[in-house]
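A short worksheet on the structure shown next.
Below, read A as the first sequence line, B as the second, and so on, with proteins coming before strands; counting in each chain starts at 1. Given the structure is predicted, the values throughout are model-derived calculations rather than measurements.
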Number of protein chains: 2
Amino acid sequence: MASDHTRSAILAAAERLYADRGFGDVTLRDIVAEAGVNLAAVNYHFGSKDELIAELFVTRSIATNRERLRELKAAEEAGGGRAPIEVILRALVGPTLRGCLGPENQRSTAARFMIRASIESVPPIRRIKNREIDHLRKFAGAMRRSLPDRSDVDIYWGLNFALAMAHHTIRESERLTKLSEGKCDLDHVEDVVERVVSVATMALTAGRTETKAASKVAAR
Amino acid sequence: MASDHTRSAILAAAERLYADRGFGDVTLRDIVAEAGVNLAAVNYHFGSKDELIAELFVTRSIATNRERLRELKAAEEAGGGRAPIEVILRALVGPTLRGCLGPENQRSTAARFMIRASIESVPPIRRIKNREIDHLRKFAGAMRRSLPDRSDVDIYWGLNFALAMAHHTIRESERLTKLSEGKCDLDHVEDVVERVVSVATMALTAGRTETKAASKVAAR
DNA sequence: GATAGTTTCATACAAGTGTTTGAAATGCAA
DNA sequence: TTGCATTTCAAACACTTGTATGAAACTATC
């Protein structure tokens, strides 16, 4: 393999264009024009358009997942195999939020790309996301160890809600800013992380009889 | 206007196909074949493909919004202009969840269509969703009246998280079922509603010093 | 039952898509 | 240099897409 020049030029151009304009209206011709390479180069180097998109997404998401697991492992080792639930949740939602939020003008191309991927959900990306379950199971396991009294159902719901808050906040960050007339500050990412972690922790630790709603569920 | 037959056949066929196969790979030709009408009928009756999609989505979402506001208004009138926060949240997420979850084999076409719309987010639908802010403001107002001691920021974050949990649970219902190996039961919709309402209520009412994470946020 | 307005239909159009092809250029080893 | 594999390139291919057209069929009114 000579120098990868064409290959990485395509990857960079594609990520930039998808980040800026979404998957919907970026064609291979747009990408090769931006990269300054020939149209056939995409199929030569990647096989197909979908495989190009998949490679972009896989690269970024394994980076995020590695970061998540690194934080999780560090926390569990520090706690002798059992980490506080807040720390686990922070390892779960922190990397994603840090990767996608922050001052808009200094958001990396990678971050903007991942936001697009989260909003538009194109087939090759959906396929990859479906394989993420094993990764989530590791977090479910850590949460179970952290909260041995909680039922599996409660653990899964807590996990689900934590991801919900993080992803939805990313997806709808523009709308939240507009709705709150700028009062909700999404540029201080660590504050957002703490808000999400805080609520998810409450969801997971609240006594079953603390609220009418919760007890109603638990009583079934 | 004669009999609307063609027009409503197109609407029904389109909704069914979009619900089953998503927006990505349903063409006008698929729709007219399913509806048993001529290809040109779509442009004659709706102007364009996008306007057809928009009409489908608008119809369904104003129905949901009307139901939400009906519940909200009833609650506020019963409480003399101030409703309990749980009831407000239930009015916010209840209609959507009831419309989109429930036993899979008895989910209406409309429900499956709305799930698709929530997952795929195609341009004409995104445009409509952007106009939903005014509608959400009404809920923000009711929540402020219900919790006069809470800051606007907290209110908006609570609203955001409530919607996050509802929508994410709908979008990822399949994954949650798989992840939890069926332990999280999404068929009993009212239980799901109560879980979401319960967590959102905690998020909105928890004392600022109840958890370390929350106090950290409030201290800024 | 003729007429005007609406609706349907087969067909064509224009444009854009990802992909393939086969030859030309390039790089590299012997 | 020669020979071989890799990479680039322009061009064409094969299709699909949404939309437009103009004639035909229909419907209701007078």
(message) Rounded to whole Å, how long is the line connecting atom CG of B/N43 with atom C1' of C/dA12?
(response)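 For the pair B/N43 CG and C/dA12 C1', the rounded distance is 14 Å.
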
(request) Quickly work out the B/R7 CZ to C/dT8 C1' distance and round it to whole Å. (result)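 So the two atoms are 16 Å apart, to the nearest Å.
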
(message) Given C/dT19, C/dA10, C/dT11, identify the nucleotide with an atom nearest to the side chain of A/L39.
(response)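 Side chain of A/L39 sits closest to C/dT19.
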
(message) If you only use heavy atoms from C-beta on, which nucleotide in C/dT19, C/dT8, D/dT8 is closest to the side chain of A/T6?
(response)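 Among C/dT19, C/dT8, D/dT8, the one nearest the side chain of A/T6 is D/dT8.
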
Check this for me, if you would: do [X] and [Y] make a salt bridge, where the nitrogen-to-carboxylate-oxygen distance has to be below 4.0 angstrom?
| X | Y | answer |
| --- | --- | --- |
| A/K73 | A/E76 | no |
| A/R98 | A/E67 | no |
| B/R116 | B/D20 | no |

Modelled atom types, side-chain donor and acceptor of [X] and [Y], under 3.5 Å:
| X | Y | answer |
| --- | --- | --- |
| B/S121 | B/R126 | yes |
| A/T169 | B/N160 | yes |
| B/S118 | B/R171 | no |

(request) Would you jot down, in residue-number order, the residues of residues 44-55 of chain A having a non-hydrogen atom under 4.0 Å from DNA chain C? (result)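 Under 4.0 Å from DNA chain C: A/S48, A/K49.
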
(request) Working to the nearest 0.5 Å, report the span between CE of A/M165 and CE of B/M165. (result)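 Answer for the CE-CE pair, A/M165 versus B/M165, is 6.0 Å.
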
(message) Please find the pair of heavy atoms, one from A/S48 and one from A/N43, that lie closest to each other, and give the distance.
(response)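 Closest approach of A/S48 to A/N43: CA-OD1, 3.9 Å.
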
(message) For a quick check of understanding: with a heavy-atom distance under 4.0 Å over all strands, which category does A/A41 fall into, base, sugar-phosphate or nothing?
(response)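 The answer is nothing, as A/A41 stays clear of every strand by at least 4.0 Å.
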
(message) Measuring to OP1 and OP2 of C/dA10, would you say a side-chain N or O of B/N38 lies under 4.0 angstrom away?
(response)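 For B/N38, the contact criterion (side-chain N or O under 4.0 Å from OP1 or OP2 of C/dA10) is met.
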
(message) Between B/F161 and B/Y156 (judged by ring centroids, cut-off 6.0 Å), do the two rings come close enough to count as a pair?
(response)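 They do not qualify: ring centres at least 6.0 Å apart.
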
(request) Kindly state which residues belonging to residues 23-35 of chain B come within less than 4.0 angstrom of DNA chain D, counting heavy atoms of the residue only, listed by number. (result)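 Within this stretch, B/T27, B/L28, B/R29 sit under 4.0 Å of the strand.
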
(request) Indicate yes or no for a side-chain donor-acceptor contact from A/S146 to the backbone of A/A142 under 3.5 Å, with no hydrogens or angles considered. (result)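 Pair absent, no side-chain N/O of A/S146 close to backbone of A/A142.
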
(request) For the pair B/F113 and B/F23, name the ring-plane relationship: parallel under 30°, tilted 30 to 60°, perpendicular over 60°. (result)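 Perpendicular: the ring planes of B/F113 and B/F23 meet at over 60°.
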
(request) Work out how much the helix from C/dG1-D/dC30 to C/dA30-D/dT1 bends between its end axes, five pairs an end, to the nearest 10 degrees. (result)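 It works out to 0° between the end axes.
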
